[in-house]
Engineer: 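Sharing a structure below in structure tokens format, with a few things to ask.
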Amino acid sequence: MKKKASILAASLAVMMLGVQSVYAAPAKPDVKILATGGTIAGSAASDTQTTGYKAGALGIDVLINAVPEVKNYADVSGEQICSIDSKDMSDDVWLKLSKRINELTAQKDVAGVVVTHGTDTMEETAYFLNLTVKSDKPIVLTGAMRPATAISADGPMNLLNAVRIAADKDAAGHGVMVALNDEIDGARDVTKTNTTSVSTFKSPTGPLGYVYDGTPTFCNTPIRLHTVKSEFDVSKLTALPKVYVIYSTAGADGALVDAAVAAGAQGIVYAGTGNGSVHKADEAALAKATKKGIVVVRSSRVGTGAVVPAEQSYIDEHFIDGDSLNPQKARVLLQLALTKTHDPQAIQAMFHKY
């Protein structure tokens with residue numbers, strides 16, 4: 001009897017294990033968080049101080065532990081890429097980020113990647129990654145307008161939402177995204193529009209979607225080429241071409257253009273007035289620059305709208321129209337374009353594709 005009882009107990013145990021395996025909770029998506037510093041990791045002297053803080057003071061483990069709810073949506077792990085104020089962002093960090101994201105997204109078990117980043121240059125980093133990451137998995141940049149020590153810190157919810165988006169299969173294929181203040185914006189169009197407001201990030205064409213009570217919901221998709229359809233490859237690059245942005249003002253005299261040329265610029269983005277209009281003194285200096293093989297792109301300081309062909313002299317001088325990219329993003333695209341070609345016609349085509 002004892003032998004039969006033990007056999008029966010063993011059989012029941014095997015059956016229970018089978019039942020448990022059938023009803024076991026499905027594995028959570030694996031989301032990697034790459035930290036670069038910024039306000040989201042900022043520390044101030046008091047909990048009411050929202051300016052004058054030290055950006056990037058807190059490490060990625062502190063940020064993750066402060067938002068334990070992220071583990072309800074994904075298995076998360078973090079890496080510290082750098083700890084800087086994003087006003088000090090560099091090409092070196094961009095290349096490091098892009099290469100690391102490509103390594104991570106190539107792993108079958110990684111569902112998506114979140115990048116914590118300061119807001120000052122977030123749109124530029126997002127656009128650079130949008131053009132150089134070779135994956136359609138969700139890549140989400142997030143940050144904060146108030147330091148982590150503030151009583152009204154917006155970082156924790158932004159980080160939680162970013163993880164939710166990165167873990168969501170429906171977020172795939174949207175290119176690199178920026179997620180703050182319950183909005184999901186595309187990397188190409190989003191820009192910072194207010195110096196201190198938590199609702200600072202806006203897209204002239206509207207957001208890709210929203211996070212409604214914890215659920216990412218998409219209503220738009222990006223039209224321009226990105227990620228897996230981009231021709232740009234930085235895997236073997238250790239530096240990017242030198243490109244300067246020159247801002248047009250009344251009273252321009254061409255001196256800034258001459259300085260950029262003297263500094264070794266391979267390209268110049270001109271943030272012109274209106275429809276990318278160029279001050280006559282700057283135009284003369286830029287025309288000389290193009291004769292030296294320096295590529296010139298006309299953008300606009302206005303904020304919205306596309307730069308389209310204007311004066312015949314701009315065409316004759318081989319100035320490139322920057323389309324609807326703002327000056328800082330036109331610089332990103334021009335840097336990458338110059339890794340492929342210096343032909344103005346070929347680069348003009350890129351500005352219409354990306």
Engineer: For the backbone of Asn130 and the side chain of Thr227, can you confirm whether one donor and one acceptor N or O come within less than 3.5 Å of each other?
Structural biologist: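 No.
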Engineer: Which residues satisfy the side chain to side chain donor-acceptor pair (under 3.5 Å) test with Lys353, sequence neighbours excluded?
Structural biologist: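 So Lys353 forms a side chain to side chain donor-acceptor pair (under 3.5 Å) with Glu231.
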Engineer: Determine, step by step, whether Asp213 and Arg164 satisfy the salt bridge (Lys or Arg N to Asp or Glu O under 4.0 Å) criterion, reporting the C-alpha distance in whole Å, the side-chain angles of both residues, the deciding distance to 0.1 Å, and the verdict.
Structural biologist: CA-CA 11 Å; Asp213 196 24; Arg164 287 165 166 162; over 6 Å; no
Engineer: Inspect the contact between Lys329 and Glu124 and indicate whether a charged nitrogen and a carboxylate oxygen are less than 4.0 angstrom apart.
Structural biologist: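 Looking at Lys329 together with Glu124, the answer is no, because their closest N to O distance does not fall below 4.0 Å.
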Engineer: I need the minimum non-hydrogen distance between Val93 and Cys82, along with the two atoms involved.
Structural biologist: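 The pair with the smallest heavy-atom distance is CG1-SG, 3.9 Å.
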Engineer: Identify the heavy atoms of Asp120 and Ser86 that sit nearest to each other, and give their distance.
Structural biologist: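 Reported closest heavy-atom pair: N-OG, 3.1 Å.
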Engineer: When you measure from the side chain of Asp258 to the backbone of Ala285, do you find a donor-acceptor pair of N or O atoms at a distance under 3.5 Å?
Structural biologist: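 Here the side-chain-to-backbone pair does not exist.
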Engineer: Any sub-3.5 Å donor-acceptor pair from Lys96's side-chain atoms to Ile81's backbone N or O?
Structural biologist: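 Yes; at least one donor-acceptor contact below 3.5 Å.
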Engineer: Check this for me, if you would: do Asp253 and Lys280 make a salt bridge, where the nitrogen-to-carboxylate-oxygen distance has to be below 4.0 angstrom?
Structural biologist: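 Answer for the salt bridge query: no.
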Engineer: Over all heavy atoms of both residues, which pair between Asn275 and Ala310 is shortest? Give the atoms and the distance, please.
Structural biologist: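 In this case the closest contact between Asn275 and Ala310 is ND2-CB, 3.9 Å.
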Engineer: What distance separates Ile320 CD1 from Ile268 CD1, expressed to the nearest 0.5 Å?
Structural biologist: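 The CD1 atom of Ile268 is 12.0 Å from CD1 of Ile320, to the nearest 0.5 Å.
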Engineer: Verify the distance criterion only: is there a donor paired with an acceptor across the side chains of Thr105 and Lys137 at less than 3.5 Å?
Structural biologist: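 On atom types as modelled, these side chains do not qualify, holding no pair under 3.5 Å.
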Engineer: Verify whether one side chain among Ser203 and Arg188 offers a donor that lies under 3.5 Å from an acceptor in the other.
Structural biologist: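 Looking only at side-chain atoms, Arg188 and Ser203 do not form any donor-acceptor pair under 3.5 Å.
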Engineer: Atom OG1 in Thr132, atom CD1 in Ile101: separation rounded to 0.5 Å?
Structural biologist: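 These two atoms lie 7.5 Å from each other.
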Engineer: Minimum heavy-atom separation for Pro147 and Ser43, please, with both atom names.
Structural biologist: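 Taking Pro147 first and Ser43 second, the nearest heavy atoms are CB-N, 4.3 Å.
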Engineer: Would the distance check show the side chain of Thr290 and the main-chain N or O of Ala287 forming a donor-acceptor pair, the cut-off being under 3.5 Å?
Structural biologist: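 A pair under 3.5 Å: yes.
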Engineer: Start with the C-alpha gap between Val114 and Val31, add the side-chain angles, then the distance that decides, and say whether side chain to side chain contact (heavy atoms under 4.5 Å, CB included) holds.
Structural biologist: CA-CA 7 Å; Val114 171; Val31 172; 4.0 Å; yes
Engineer: Salt bridge (charged side-chain N to carboxylate O under 4.0 Å, His left out): which pairs involve residues 138-154, sequence neighbours left out?
Structural biologist: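 For residues 138-154, and leaving out neighbouring residues, there are no salt bridge (charged side-chain N to carboxylate O under 4.0 Å, His left out) pairs at all.
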Engineer: Output, in order, the C-alpha distance, side-chain angles, deciding distance and verdict of side chain to side chain donor-acceptor pair (under 3.5 Å) for Asp233 and Ser235.
Structural biologist: CA-CA 6 Å; Asp233 182 2; Ser235 60; 2.8 Å; yes
Engineer: For Tyr210, does its backbone N or O pair with a side-chain atom of Glu183 as donor and acceptor, under 3.5 Å?
Structural biologist: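 Side chain of Glu183 to backbone of Tyr210, a donor-acceptor pair under 3.5 Å: no, none is there.
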Engineer: Give me the one residue out of Ile184, Val190, Val115 that meets side chain to side chain contact (heavy atoms under 4.5 Å, CB included) with Val178.
Structural biologist: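 Result for side chain to side chain contact (heavy atoms under 4.5 Å, CB included) with Val178: Val190.
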Engineer: Quick one: OG1 on Thr36 to CD1 on Ile84, what's the gap to the nearest 0.5 Å?
Structural biologist: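 Output value for this atom pair is 6.0 Å.
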Engineer: ring-ring contact (aromatic ring centres under 6.0 Å, His included): which pairs involve residues 330-354, sequence neighbours left out?
Structural biologist: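 As it turns out, the ring-ring contact (aromatic ring centres under 6.0 Å, His included) pairs with a partner in residues 330-354, which skip direct neighbours, are Phe232-Tyr354.
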Engineer: Hey, could you give me each pair passing ring-ring contact (aromatic ring centres under 6.0 Å, His included) that has a residue in residues 39-80? Not counting sequence neighbours.
Structural biologist: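 Residue pairs passing ring-ring contact (aromatic ring centres under 6.0 Å, His included), neighbours aside: none found.
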Engineer: Under 3.5 Å, is there a donor-acceptor pair linking the side chains of Thr205 and Asp189?
Structural biologist: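 A pair is found: one side chain offers a donor N or O, the other an acceptor, under 3.5 Å apart.
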Engineer: Please give me the minimum heavy-atom distance between Asp282 and Ala252, naming the atom from each residue.
Structural biologist: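 The pair with the smallest heavy-atom distance is OD2-CB, 3.2 Å.
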Engineer: Without swapping roles, check the side chain of Asp85 against the backbone of Asp88 for a donor-acceptor pair under 3.5 Å.
Structural biologist: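 Side chain of Asp85 to backbone of Asp88, a donor-acceptor pair under 3.5 Å: no, none is there.
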Engineer: If you look only at pairs with a residue in residues 136-180, which of them pass as a ring-ring contact (aromatic ring centres under 6.0 Å, His included), with sequence neighbours excluded?
Structural biologist: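 Listed by first then second residue: His174-Phe218.
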Engineer: Roughly how far, to the nearest 0.5 Å, is the OG1 atom of Thr196 from the CE atom of Met145?
Structural biologist: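 Met145 CE to Thr196 OG1: 6.0 Å, rounded to 0.5 Å.
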Engineer: Residues in side chain to side chain donor-acceptor pair (under 3.5 Å) with Thr238, at least two apart?
Structural biologist: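 Checked Thr238 against side chain to side chain donor-acceptor pair (under 3.5 Å); zero matches.
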Engineer: Closer than 3.5 angstrom, by distance alone: can the side chain of Thr339 be matched with the main-chain N or O of Leu336 as a donor-acceptor pair?
Structural biologist: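 Judged by distance alone, yes, a pair lies under 3.5 Å.
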Engineer: Ignoring hydrogens and geometry, is there a side-chain-to-backbone donor-acceptor pair from Ser300 to Val307 under 3.5 Å?
Structural biologist: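 No; zero donor-acceptor contacts below 3.5 Å.
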Engineer: Applying salt bridge (charged side-chain N to carboxylate O under 4.0 Å, His left out) as the test, list every pair that has at least one member in residues 52-76; sequence neighbours left out.
Structural biologist: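 Listed by first then second residue: nothing to list.
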Engineer: Verify the distance criterion only: is there a donor paired with an acceptor across the side chains of Thr191 and Glu123 at less than 3.5 Å?
Structural biologist: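 Yes.
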Engineer: Between Thr119 and Leu180, does the side chain to side chain contact (heavy atoms under 4.5 Å, CB included) criterion hold? Intermediate values first, please.
Structural biologist: CA-CA 10 Å; Thr119 58; Leu180 289 92; 4.2 Å; yes
Engineer: Which residues satisfy the salt bridge (charged side-chain N to carboxylate O under 4.0 Å, His left out) test with Glu283, sequence neighbours excluded?
Structural biologist: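 So Glu283 forms no salt bridge (charged side-chain N to carboxylate O under 4.0 Å, His left out) with any residue.
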Engineer: Let's go through Tyr270 and Ser299 carefully: what are the C-alpha distance in whole Å and the side-chain angles of both, what is the deciding distance for side chain to side chain donor-acceptor pair (under 3.5 Å) to 0.1 Å, and is it a yes or a no?
Structural biologist: CA-CA 6 Å; Tyr270 190 80; Ser299 183; over 6 Å; no
Engineer: So, taking the atom named CG in Asn326 and the one named OG1 in Thr304, what distance separates them when rounded to the nearest 0.5 Å?
Structural biologist: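 One gets 11.0 Å once the value is rounded to the nearest 0.5 Å.
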Engineer: Quick one: salt bridge (charged side-chain N to carboxylate O under 4.0 Å, His left out) partners of Asp168, sequence neighbours excluded?
Structural biologist: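 Partners of Asp168 under the salt bridge (charged side-chain N to carboxylate O under 4.0 Å, His left out) test: none.
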Engineer: Not counting sequence neighbours, which residues clear salt bridge (charged side-chain N to carboxylate O under 4.0 Å, His left out) with Lys32? List them please.
Structural biologist: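 Scan of Lys32 (salt bridge (charged side-chain N to carboxylate O under 4.0 Å, His left out), adjacent residues dropped) gives Asp30.
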Engineer: Got Glu79 and Ile33 here, is their nearest side-chain heavy-atom distance under 4.5 Å?
Structural biologist: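 Side-chain contact under 4.5 Å: no.
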Engineer: Any chance you could lay out the side chain to side chain contact (heavy atoms under 4.5 Å, CB included) test for Met350 and Lys340, step after step, and finish with the verdict?
Structural biologist: CA-CA 11 Å; Met350 293 176 185; Lys340 305 282 290 184; 4.1 Å; yes
Engineer: Any side-chain to backbone donor/acceptor pair from Asn102 onto Lys134? Under 3.5 Å, distance only.
Structural biologist: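 Checking the backbone N and O of Lys134 against the side chain of Asn102, a donor-acceptor pair under 3.5 Å is found.
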Engineer: Backbone N or O of Leu131 within a donor-acceptor pair of the Ser230 side chain at under 3.5 Å?
Structural biologist: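 Yes: the side chain of Ser230 pairs with the backbone of Leu131.
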Engineer: Applying salt bridge (charged side-chain N to carboxylate O under 4.0 Å, His left out) as the test, list every pair that has at least one member in residues 288-311; sequence neighbours left out.
Structural biologist: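 Qualifying pairs, neighbours excluded: Arg298-Asp321.
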Engineer: Hey, could you give me the OG/CD1 distance between Ser77 and Ile60, rounded to the nearest 0.5 Å?
Structural biologist: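 Rounded to the nearest 0.5 Å, the OG-CD1 separation comes out at 9.5 Å.
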Engineer: Please step through side chain to side chain contact (heavy atoms under 4.5 Å, CB included) for the pair Phe319 and Leu286, ending with a clear verdict.
Structural biologist: CA-CA 9 Å; Phe319 296 168; Leu286 288 170; 3.6 Å; yes
Engineer: Where is the tightest heavy-atom contact between Gly173 and His226, given as atom of each residue plus distance?
Structural biologist: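 Between these two residues, the closest heavy atoms are O-CE1, 3.5 Å.
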Engineer: Only pairs at least two apart or in different chains count here, so list each ring-ring contact (aromatic ring centres under 6.0 Å, His included) that has a residue in residues 113-132.
Structural biologist: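 Residue pairs passing ring-ring contact (aromatic ring centres under 6.0 Å, His included), neighbours aside: Trp94-Phe128.
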